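Because the structure is predicted, anything quoted here is derived from the model rather than measured.
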Amino acid sequence: MAEDNQLDDGEAAELEKLLGEGEGDEGGGSTAAGGFLGKLFSSKKATIITLSILLVVILGLGAGIYLFLQEEPVAVEEAALDSAEPVLEDDEEKKEIVDKVYIYRLGAFFLPLLNDGVETGKFISITPNLKLSNATLFKEVTKVKPLIRKNIYVILKRKSPDEYLKDKIKTKEKIKREILTASNALLLSGTGTINDVFFTKFIVK
């Protein structure tokens, strides 16, 4: 009986040893992470390597965020420039409309200068153009164009050779005003007016 009890005690001791090892294995999962971190920070060399890796990762993330934030203002600036261009074009178009003028070309006039019906050997050559107040006035001026040209010849004949030769600038202004008055008198009321007269040629020889 004593031998049987001793065997039982030995078996019991061996069983307890196995059970103790089993409990150690079960706790191994909870200590695995601790063991890994412990190894990483167990020496100065391992600590430096670990910190270097973390620093590289942080710097990479920072650079990515910086580049991402830098792209947005550039896109906004380009969009602002694109949106600004049509505004300038609209302003230029409005200016062209405001500055647009309507010119009616009468053609050239040639007239010899006479002194008491005697030719002087001199002549005057002019090319007047009428500035109209609106585009629809072209049709009205075309209707009375023969009368306008006739009146201009009459105005030119009334001037003496001395007026053309001695005071050309003053005579030119007189002719301009007389053409303007005589031409507007031929237009129907409400159709518009001739605002000015331009000479592309005014030669006295």
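No side-chain heavy atom of T120 sits under 4.5 Å from any side-chain heavy atom of L114. Counting heavy atoms from C-beta on, the side chains of T142 and Y104 come closer than 4.5 Å. Side-chain atoms of I126 and K201, non-hydrogen and from C-beta on, never get closer than 4.5 Å to each other. Residues V101 and N195 fail the side-chain proximity criterion, which asks for heavy atoms closer than 4.5 Å. Contact check for L130 versus V197: side-chain heavy atoms found under the 4.5 Å cut-off.
Partners of L186 according to the side chain to side chain contact (heavy atoms under 4.5 Å, CB included) rule, which considers only residues two or more places apart in sequence or in another chain, are V144, L147, I148, N151. By the ring-ring contact (aromatic ring centres under 6.0 Å, His included) test, Y102 is found to be paired with no residue, residues two or more places apart in sequence or in another chain being considered. F123 is linked by a ring-ring contact (aromatic ring centres under 6.0 Å, His included) to F110, counting only residues two or more places apart in sequence or in another chain. Looking at residues two or more places apart in sequence or on another chain, you find no side-chain hydrogen bond (donor to acceptor under 3.5 Å, both in side chains) involving K166. Scanning for side chain to side chain contact (heavy atoms under 4.5 Å, CB included) contacts around L188 gives E140, T191, with sequence neighbours left out. Every residue two or more places apart in sequence or in another chain was checked for a side-chain hydrogen bond (donor to acceptor under 3.5 Å, both in side chains) with N115, and none qualifies. Under the side chain to side chain contact (heavy atoms under 4.5 Å, CB included) criterion, T181 pairs with no residue at all, not counting sequence neighbours.
Contact detail for G192 and S133: the closest heavy-atom pair is CA-OG, 3.5 Å. Nearest approach of G107 to P128, heavy atoms of both residues: O-CD, 3.5 Å.
Within the structure, every pair that satisfies the ring pair (Phe, Tyr, Trp, His ring centres under 6.0 Å) test and touches residues 174-205, not counting sequence neighbours, is listed here: F199-F202. Residue pairs that meet the ring pair (Phe, Tyr, Trp, His ring centres under 6.0 Å) test with at least one member in residues 159-178, sequence neighbours left out, do not exist here. For residues 168-195, there are no ring pair (Phe, Tyr, Trp, His ring centres under 6.0 Å) pairs, not counting sequence neighbours. Within the structure, ring pair (Phe, Tyr, Trp, His ring centres under 6.0 Å) contacts touching residues 175-196 (residues at least two apart or in different chains) do not occur.
L132 contributes atom CG, which lies 10.0 Å from atom OG of S183 (distance to the nearest 0.5 angstrom). Between atom CD1 of residue I194 and atom CG of residue N184 there is a gap of 5.0 Å, rounded to the nearest 0.5 Å.
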Verdict with reasoning, I203 to I124, per side-chain contact (heavy atoms from CB on, under 4.5 Å):
CA-CA 6 Å; I203 299 172; I124 178 172; over 6 Å; no

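By the rule that hydrophobic residues join a cluster once side-chain heavy atoms approach within less than 4.5 Å of another member, F138 and L187 end up as members of one cluster. Note on V141 and I103: separate hydrophobic clusters, where clusters join Ile, Leu, Val, Met, Phe, Trp and Tyr whose side-chain heavy atoms are under 4.5 Å apart, directly or indirectly.
A side-chain N or O of N134 and one of T136 form a donor-acceptor pair less than 3.5 Å apart.
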Atom pairs and distances, side-chain donor-acceptor, residues 171-180, under 3.5 Å, sequence neighbours left out:
unit_1	atom_1	unit_2	atom_2	d
T171	OG1	E163	O	2.6
T171	OG1	D167	O	2.8
K176	NZ	D196	OD1	3.3
E178	OE1	K159	NZ	3.1
E178	OE2	K159	NZ	3.2

